[in-house]
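Please read the structure below before turning to the comments.
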Protein chains: 2
Amino acid sequence: MNTTRSGRPALTRPDGTPLRVLVVDDDPDLAEVLSGALRYEGWQVRTAGDGASAVAAARELLPDAVVLDVMLPDTDGFAVLRSLHTVKADVCVLFLTARDAVEDRIKGITAGGDDYVTKPFSLEEVVARLRGLLRRAGMARQLDEGPRLTVGDLVMDEDAREVTRGGELIELSPTEFELLRFLMRNPRRVLSKAQILDRVWSYDFGGRAHVVELYISYLRKKVDAGREPLIHTVRGAGYVIKPVTP
Amino acid sequence: MNTTRSGRPALTRPDGTPLRVLVVDDDPDLAEVLSGALRYEGWQVRTAGDGASAVAAARELLPDAVVLDVMLPDTDGFAVLRSLHTVKADVCVLFLTARDAVEDRIKGITAGGDDYVTKPFSLEEVVARLRGLLRRAGMARQLDEGPRLTVGDLVMDEDAREVTRGGELIELSPTEFELLRFLMRNPRRVLSKAQILDRVWSYDFGGRAHVVELYISYLRKKVDAGREPLIHTVRGAGYVIKPVTP
DNA sequence: GGGCCGGTTCAGAGGGTCCTGAGAAGTTCA
DNA sequence: TGAACTTCTCAGGACCCTCTGAACCGGCCC
């Protein structure tokens, strides 16, 4: 089976070909970061910088999903959405939008099951939302297990945003939740603080790696408190989450 | 079984094929939003912008239901209705009409089992009405369970518009009812304020997400008052309804 | 041992999210 | 027409989340 840089099997559609995503943003840097992260996750990625070329690219690529900036130089996102749906009716769309534009043009978007993320976002957020869209659309075979992540007796339900350990409910803040999700999606793999910062914190975060240590300590208090620890420090390298008994 | 983007099983007719609906409206944005919401609910959707193409599309699609704007650029909705019935006698029709439209004529039509919604409507309203029509027509297998929604000891009878908790009747305003219905149709799933706004409030509502918080607080006062809470806030994410003990 | 380094933890400021009460405008119904 | 109800805006305030700064801890090397 084809594998990706992340070590996970490539995401494939029911017919075995890789999942395709089109990234549309007029900021080339951001488009690059996004497509890098998605490629890493096993997507076949293509980018476009404006509405016209987005529709053209979609006609060629016939993507399963589109990551679409609402503010584009030529057209507005809603028009692009309509064109995309005429190109491929069952395409999933994830919108990127500025914080204060939310109420405006996003109206009606999520009604179709599409979703949106506000800038500045974290890559983990984008990747997770996209996964959610595809899973609900029944597109990717690998996602069939559903919205559940498990490490030992620690269980995360992404849809319900619920985390339990040994059946006991654990309350987490948004950042704690994202950090834990990132760890749990990469069990038994050492993640550096830089990696964590890049994925869990938003791309324009200027802070230092110290926050990662801080949030790891928060997580430990809630997740590992008084129990066999799942979260481990690897000095000089980063952190891992792994079950106690392999 | 085939599933939809909403995670619910696809709506199917007695013979196993998906339910088909034709959306007829001359406003392409509205048609797009409507068809998105219906597709998400498991319908096979097709749209038309005027009476002539509506009849043509119906002849091809042979829809189980039609969502029909009364005001069309070429013909009026009632003429279309007659044509539709010659194409497929047992089709269910949901009319979309302006608030001050001639109510008598609508009522004459709906006597036949069809229904109508006045603009501006909420998507939740349209989706629910359509469900009701199909259920009464005995079309969809999945709807056989009837009009009852249950979360813990909270019970909603959609047809009677009645809500009880622990047997005790709870009086709700229209908006409160729709909000609660949307929550109860998605138990244990965190719904963002944007999602709620898109589905429960009418499509032309310009207000801010703040109203959602307000109505959640109203609901809590009536539904959760002095009892074990069913409605939960997930900070930074949205709201969930779920029974205390799973 | 002393200094250094990576990591952990505590305390607290500031900012944001969310809740709620009060009240204005619009709607329904008698 | 007036009263009751519904819907929504506004503003105050409580609480939580996030991040900074600084102290602390233990291992490692000189």
**Prompt:** In whole angstroms, how far is the P atom of C/dG21 from the CZ atom of B/Arg220?
**Reply:** 13 Å
Donor-acceptor pairs under 3.5 Å, side chain of residues 200-210 of chain A to any protein atom, not counting sequence neighbours: which ones?
from: A/Ser202; atom 1: OG; to: A/Asp204; atom 2: OD1; distance (Å): 3.2
from: A/His210; atom 1: ND1; to: A/Glu213; atom 2: OE1; distance (Å): 3.4

**Request:** Taking side chain to side chain donor-acceptor pair (under 3.5 Å) as the test, write out the residues that go with B/Asp159, two or more places apart.
**Result:** B/Arg135
**Asked** So B/Glu41 and B/Arg185, salt bridge (charged side-chain N to carboxylate O under 4.0 Å, His left out) or not? Walk me through it.
**Response** CA-CA 11 Å; B/Glu41 290 288 319; B/Arg185 285 188 54 82; 3.7 Å; yes
**Request:** Check the distance between D/dC17's P and A/Leu179's CG and give it to me in whole angstrom.
**Result:** 15 Å
**Pair B/Asp25-B/Lys119, salt bridge (charged side-chain N to carboxylate O under 4.0 Å, His left out): steps then yes or no** = CA-CA 12 Å; B/Asp25 200 300; B/Lys119 291 185 180 183; 3.5 Å; yes
**Item:** Whole angstrom value for the distance that separates C1' of C/dC18 from CD1 of B/Ile216
**Value:** 11 Å
**Request:** Would you list the pairs meeting salt bridge (charged side-chain N to carboxylate O under 4.0 Å, His left out) in which at least one residue belongs to residues 224-235 of chain B, sequence neighbours left out?
**Result:** B/Arg165-B/Asp224, B/Glu168-B/Arg227
**Request:** State whether B/Lys193 places a side-chain N or O below 4.0 Å from either non-bridging phosphate oxygen (OP1 or OP2) of C/dC18.
**Result:** yes
**Asked** Could you state the NZ-P distance from B/Lys221 to C/dC18, rounded to the nearest angstrom?
**Response** 18 Å
**Prompt:** Taking atom P of C/dG7 as reference, at what distance in whole Å does atom CG of A/Leu197 sit?
**Reply:** 14 Å
**Message:** In whole Å, I'd like the distance from the NE2 atom of B/His232 to the C1' atom of C/dC18.
**Reply:** 16 Å
**Fill in**
Protein-proximity profile, nucleotides 2-15 of chain D, B/S/- by nucleotide at the 4.0 Å heavy-atom cutoff, equals ----SBBBBB---B
**Asked** Sequence neighbours excluded, which residues qualify as side-chain contact (heavy atoms from CB on, under 4.5 Å) partners of B/Val45?
**Response** B/Val21, B/Val23, B/Ser35, B/Leu38, B/Arg39, B/Trp43
**Request:** Just jot down the salt bridge (Lys or Arg N to Asp or Glu O under 4.0 Å) partners of B/Lys222, sequence neighbours excluded, or say none.
**Result:** B/Glu176
**Request:** Rounded to 10°, tell me the angle between the two end axes of the helix from C/dG1-D/dC30 to C/dA30-D/dT1, each built from five pairs.
**Result:** 10°
**Message:** Using the side chain to side chain donor-acceptor pair (under 3.5 Å) criterion, which residues pair with B/Glu32? Sequence neighbours excluded.
**Reply:** A/His85
**Message:** Which residues pass the side-chain contact (heavy atoms from CB on, under 4.5 Å) test with B/Gln195, not counting sequence neighbours?
**Reply:** A/Thr110, B/Leu191, B/Ser192
**Item:** Gap between atoms CD1 and P, on B/Ile231 and C/dC18 respectively (whole Å)
**Value:** 15 Å
**Message:** C/dG6, OP1 or OP2 - any side-chain N/O from A/Thr233 closer than 4.0 Å?
**Reply:** no
